[in-house]
Amino acid sequence: MVNDKRVERIWRQQGLKVPARQPKRGRLWLGDRSCIRLRPERRDHVWAYDFVEERTHDGRKFRTLNVVDEFTHECLAIRVARKLKSTDVIDALSDLFILRGMPEHIRSDNGPEFIAKAVQTWISAVGARTAYIAPGSPWENGFVESFNARFRDELLNGEIFYSLREAEIIIESWRRHYNAIRPHASLGYRPPAPEVVVPTYAAWPAALIRPASPAKLPVAQRPTAH
């Protein structure tokens, strides 16, 4: 019989380093409102956002603000601009709140655009909560980091953008394909937000059952007797 203790004893005898056991942690939050083990449990429970930097063909930089729902793996928005500041973060989130509703938590790193006082105050005012990862710990924001890797590998590394407008159109087209068509292994090879198309003929039976309105025909005038 071989168990963990016997394997570790053999490791020590051979001069190998035995990995230290990690203590279990049950807390969700630190004192500075950073997150430890906040896991998404349902749709719109935890959103995550982060920046990605790229260049157009003329060498000028532009940035994208990527927003992801951690539970559904859906990319909610990709904001493209030469510069993205804290006011742009608030503007992008406000558009999403109007279209989709408000999440319970918003996870991000400790970038200046995310920890700005205006962003924290606005998020708290609308009723959501911020979840900042520990400094230098990108693995705590794994969902959006994984999305950024797919975003760069599947699109940015293979496209040449000749203008910012071209980048906006191509990136938005890729985002729609990522949500509605592209299969995700973590979702059983299904897209996170497939489009539902109702065929035109599906409405025919209902149209046939409806009673037809009575036709109104002009009354023929009878010939008058002279």
Side-chain angles (χ1 to χ4, degrees), residues 29-35 38 40 43-138 140-152 155-156 159 161-176 178-179 193:
W29 306 94
L30 293 174
D32 59 352
R33 292 188 295 179
S34 61
C35 58
L38 177 61
R43 184 177 184 264
D44 295 332
H45 181 210
V46 182
W47 290 3
Y49 56 176
D50 196 12
F51 289 111
V52 172
E53 191 172 281
E54 188 55 42
R55 293 178 183 269
T56 50
H57 185 256
D58 56 6
R60 299 176 59 191
K61 294 182 180 179
F62 70 88
R63 306 179 78 190
T64 67
L65 175 63
N66 305 337
V67 186
V68 179
D69 188 317
E70 293 190 357
F71 184 79
T72 63
H73 297 190
E74 180 183 0
C75 177
L76 306 179
I78 301 180
R79 178 68 63 93
V80 182
R82 293 291 181 186
K83 294 182 179 180
L84 290 170
K85 302 179 181 179
S86 58
T87 54
D88 299 304
V89 173
I90 295 175
D91 184 59
L93 291 180
S94 61
D95 290 344
L96 285 177
F97 288 1
I98 294 173
L99 294 175
R100 187 181 176 96
M102 187 176 58
E104 296 185 25
H105 305 277
I106 302 178
R107 194 195 311 265
S108 70
D109 58 24
N110 293 269
E113 301 86 357
F114 299 136
I115 64 174
K117 189 66 175 179
V119 175
Q120 295 187 21
T121 303
W122 183 82
I123 291 177
S124 300
V126 298
R129 299 181 63 182
T130 56
Y132 297 113
I133 67 175
S137 305
E140 292 186 6
N141 203 9
F143 285 94
V144 74
E145 292 290 345
S146 176
F147 172 80
N148 291 344
R150 303 285 77 73
F151 178 47
R152 183 168 295 280
L155 180 67
L156 299 183
E159 290 286 345
F161 304 110
Y162 291 95
S163 66
L164 187 64
R165 181 56 181 165
E166 181 185 16
E168 291 177 352
I169 295 174
I170 295 177
I171 290 174
E172 177 62 20
S173 176
W174 180 86
R175 186 188 72 86
R176 294 175 180 270
Y178 179 89
N179 288 335

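For the numbers below, each heavy atom of this structure counts, side chains included, while hydrogens, waters and symmetry mates do not. Please read these numbers as outputs of a predicted model, since none were measured by experiment. All residue numbers refer to positions in the sequence shown, counting from 1.
Using modelled atom types, no side-chain atom of Asp109 and backbone atom of Ile133 make a donor-acceptor pair closer than 3.5 Å. Side-chain N or O atoms of Asp95 include none that pairs as donor or acceptor with a backbone N or O of Ala92 at under 3.5 Å. Checking side-chain atoms of Ser94 against main-chain N and O of Asp91 turns up a donor-acceptor pair under 3.5 Å. Although no hydrogens or angles enter the test, the distance criterion places a donor-acceptor pair under 3.5 Å between the side chain of Thr121 and the main chain of Lys117.
By the 4.5 Å heavy-atom criterion applied to side chains, Trp122 and Val126 are counted as neighbours. For the pair Tyr49/Leu65, a side-chain contact is recorded, criterion being any heavy-atom separation below 4.5 Å from C-beta on. Counting heavy atoms from C-beta on, the side chains of Phe114 and Ile123 never come closer than 4.5 Å. Two residues are said to be in side-chain contact when any heavy atoms from C-beta on lie closer than 4.5 Å; Phe97 and Pro103 meet this criterion. Counting heavy atoms from C-beta on, the side chains of Thr64 and Leu156 never come closer than 4.5 Å. Looking at Gln120 and Tyr132, their side chains come closer than 4.5 Å, going by heavy atoms from C-beta outward. Between Glu54 and Val80, the closest side-chain pair of non-hydrogen atoms is not below 4.5 Å.
For the ring pair (Phe, Tyr, Trp, His ring centres under 6.0 Å) test, residues two or more places apart in sequence or in another chain that qualify with Trp174 are Phe147, Phe151, Tyr178. With sequence neighbours excluded, the residues that form a side chain to side chain donor-acceptor pair (under 3.5 Å) with Arg63 are Glu113. Among residues two or more places apart in sequence or in another chain, the side chain to side chain contact (heavy atoms under 4.5 Å, CB included) test is passed with Ala77 by Leu96.
Shortest non-hydrogen contact noted between Ile106 and Ala128 is CD1-CB, 4.5 Å.
For the salt bridge (Lys or Arg N to Asp or Glu O under 4.0 Å) test with Asp69, the passing option among Arg43, Arg107, Arg100 is Arg100; the others fail. For the pairing with Asn66, the side-chain contact (heavy atoms from CB on, under 4.5 Å) check across Val52, Leu76, Asp50, Ile171 returns one residue only, Val52.
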Could you go through Asn141 and Glu70, starting from their C-alpha distance and side-chain angles, then the distance that decides it, and tell me whether this counts as side-chain contact (heavy atoms from CB on, under 4.5 Å)? CA-CA 10 Å; Asn141 203 9; Glu70 293 190 357; 4.0 Å; yes

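Between the CD1 atom in Ile170 and the CD atom in Glu159 there is a gap of 4.5 Å [rounded to 0.5 Å]. Rounding to the nearest 0.5 angstrom, the gap separating the CD1 atom in Ile78 from the CZ atom in Arg176 is 11.0 Å. Atom CG of residue Asp88 and atom NZ of residue Lys83 lie 11.0 Å apart, to the nearest 0.5 angstrom. Atoms NE2 and NE2, on His45 and His105 in that order, are 4.0 Å from each other to the nearest 0.5 Å. Atom CG in Leu84 sits 10.5 Å away from atom CZ in Phe62 (nearest 0.5 Å). The CZ atom of Phe161 lies 11.0 Å from the CD atom of Glu168; values are rounded to the nearest 0.5 Å.
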